[in-house]
Amino acid sequence: MQLTIVIFRTMSMRPFNGIEIFLAIVRQGSLRSAAKSLGMGAPAVSYRLKALERELGVTLLVRTTRSIELTDAGRALLNRAGPAFAQIDEAIAEAREAGRAKTGTLRLTLPWSAYRIAIEPVLGEFQARHPDVRLELSFDEALVDIVGNGFHAGIRLGDRLADGMVATRLTPPLTAALSASPSYLDRHGRPQHPRDLLAHKCIRYRFISANRVAEWQFCDDGQTFTVDPAASLVFDSFQSVVQAAREGHGIGWSLRAVIEPDLAAGTLQTVLDAYALEHPPFFLYYPEHNRHLDLLRLFIDFLSEKRTD
């Protein structure tokens with residue numbers, strides 16, 4: 001941190017603004033033309049040039065009524081500073097183009113459930129429309145430092161968004177669901193009340209960052225309560241929870257929208273729907289400095305177009 005402060009202090013002592021004005025005068029051929037190109041008044045340009053010459057202790061330009069001539073000092077400054085400032089202009093132009101790019105890589109962090117609900121159903125169409133956009137998707141249930149880990153954006157439930165982020169809603173509120181395979185329910189019966197889960201094989205999820213098993217919460221007459229059945233299996237991936245339930249190993253928790261294809265196919269059946277709790281929607285979120293990144297805006301606009309509510 002101290003090194004960064006020293007660097008900026010050193011840079012601020014150098015007359016970059018004056019050099020830019022000097023180069024504009026040489027490029028345009030007169031103070032008046034340089035002032036017009038810079039959007040400044042001619043007296044201000046003249047004043048800045050004189051201030052630069054005083055700071056450097058040399059005369060850079062010899063001004064006559066008809067022309068401007070470079071001194072040896074002015075020629076030396078032009079030969080070294082001219083290419084350097086041209087490279088800076090090119091770098092700025094490249095940075096602006098990168099922000100407006102419709103091609104390139106967009107890196108996202110998201111839980112698997114968000115991919116299953118919000119991305120997977122429309123991914124093929126997005127790729128068909130934008131074949132030059134490469135999506136890099138990193139599945140993670142925990143909150144992730146987007147900036148520190150090099151992501152452009154993340155997707156999380158509305159109650160798990162990082163502070164200070166810009167957010168766009170992707171889904172409606174989401175209902176929780178407990179589900180099991182038909183074969184498991186045939187063997188063990190269907191629970192009629194959440195407390196009946198204490199007698200069932202239950203597939204639980206463990207938060208990696210907090211190192212704790214996620215609670216199973218229910219709602220009855222507007223009151224929320226928790227049931228904590230023993231776990232026959234514990235995974236740190238909701239995808240694995242759903243897969244284990246599908247294979248008949250017990251009852252697992254998920255968001256209902258995640259398992260809709262399984263419900264339609266008959267590979268899973270829900271239980272205790274009357275006690276299901278509602279959760280916030282999924283949001284795509286990103287830091288303020290990515291607001292004008294066109295590649296991200298393109299993706300957000302596409303997802304907003306496909307949102308069904």
Side-chain angles (χ1 to χ4, degrees), residues 1-107 130 132-134 136 145-153 164-166 286-301:
M1 181 62 69
Q2 290 181 344
L3 177 61
T4 303
I5 293 173
V6 171
I7 289 173
F8 278 112
R9 283 179 178 170
T10 304
M11 290 177 66
S12 65
M13 294 170 60
R14 294 175 180 168
F16 287 122
N17 186 258
I19 294 174
E20 186 177 13
I21 286 174
F22 161 74
L23 293 173
I25 295 170
V26 174
R27 187 166 54 246
Q28 299 296 328
S30 71
L31 270 71
R32 187 175 300 277
S33 296
K36 185 176 180 180
S37 70
L38 295 169
M40 301 171 59
V45 169
S46 178
Y47 174 83
R48 296 280 184 86
L49 177 63
K50 290 176 182 177
L52 174 63
E53 290 177 327
R54 283 197 303 271
E55 187 166 355
L56 297 179
V58 295
T59 300
L60 299 173
L61 297 170
V62 177
R63 299 175 289 280
T64 68
T65 55
R66 292 179 175 271
S67 64
I68 291 179
E69 298 292 336
L70 286 165
T71 65
D72 289 343
R75 191 170 293 105
L77 182 61
L78 175 65
N79 290 340
R80 297 300 296 270
F85 270 75
Q87 288 181 344
I88 292 173
D89 287 341
E90 290 175 4
I92 291 172
E94 287 180 8
R96 286 173 175 164
E97 276 303 310
R100 293 192 293 263
K102 297 295 173 53
T103 64
T105 299
L106 188 63
R107 299 192 70 232
H130 307 287
D132 295 325
V133 176
R134 172 181 172 180
E136 288 192 10
D145 179 357
I146 290 179
V147 177
N149 287 280
F151 292 106
H152 297 107
M165 294 286 172
V166 182
Y286 51 92
E288 175 67 32
H289 64 256
N290 281 348
R291 181 187 288 273
H292 301 295
L293 188 65
D294 275 10
L295 199 60
L296 179 58
R297 175 51 52 189
L298 179 149
F299 187 62
I300 292 172
D301 288 346

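Note: hydrogens, waters and symmetry copies are ignored here, and every other heavy atom, side chains too, is used.
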H152: ring pair (Phe, Tyr, Trp, His ring centres under 6.0 Å) partners, not counting sequence neighbours: none

Test item: Q28 and K36 side chains (from C-beta on) under 4.5 Å apart, heavy atoms: no

side-chain contact (heavy atoms from CB on, under 4.5 Å) involving K50 - partner list, sequence neighbours excluded: S46, R54, R63

Side chain to side chain, S30 and I25, heavy atoms closer than 4.5 Å: no

For the student: nearest non-hydrogen atoms of G18 and L52, plus distance: O-CD2, 3.4 Å

Under the ring pair (Phe, Tyr, Trp, His ring centres under 6.0 Å) test, residues paired with F299 that sit two or more places apart: F126

Smallest separation among heavy atoms of F151 and N290, with atom names: O-ND2, 4.4 Å

Separation between CE of M40 and CG of L31, rounded to the nearest 0.5 Å: 10.0 Å

Counterpart residues, side-chain contact (heavy atoms from CB on, under 4.5 Å), relative to A153 (two or more places apart): L108, L284, Y286, L296

Contact summary for I19 and A81, nearest pair of heavy atoms: CG2-CB, 3.9 Å

Partner of L295 under side chain to side chain contact (heavy atoms under 4.5 Å, CB included), chosen from I300, V133, D132: V133

Approximate separation, where rounding is to 0.5 Å, of R48 CZ and L38 CG: 9.5 Å

Salt bridge (Lys or Arg N to Asp or Glu O under 4.0 Å) against R75, all qualifying residues, sequence neighbours excluded: D72

Listed partners of R80 passing salt bridge (Lys or Arg N to Asp or Glu O under 4.0 Å), at least two apart: none

Reported CZ-to-CG distance for the pair R27 and L23, which is rounded to 0.5 angstrom: 6.5 Å

Atom of N79, atom of P83 and distance for their closest heavy-atom approach: O-CD, 3.2 Å

Pairing residues for S37 by the side chain to side chain donor-acceptor pair (under 3.5 Å) criterion, not counting sequence neighbours: none

Any L70 side-chain heavy atom under 4.5 Å of L78 side chain: yes

Pairwise side-chain contact, L60 with L77, heavy-atom cut-off 4.5 Å (strictly under): yes

Closest approach of T59 to L61 (non-hydrogen atoms, all atoms of both residues): CG2-O, 3.4 Å

Residues which pass salt bridge (Lys or Arg N to Asp or Glu O under 4.0 Å) with E288, listed by chain and number, not counting sequence neighbours: R291

With A42 via side-chain contact (heavy atoms from CB on, under 4.5 Å) - residues at least two apart: A35

Partner residues of R107 under the side chain to side chain donor-acceptor pair (under 3.5 Å) criterion, sequence neighbours left out: E136

Sequence-distant partners of D145, salt bridge (Lys or Arg N to Asp or Glu O under 4.0 Å), two or more places apart: none

Qualifying residues under side chain to side chain donor-acceptor pair (under 3.5 Å), relative to T105, sequence neighbours excluded: none

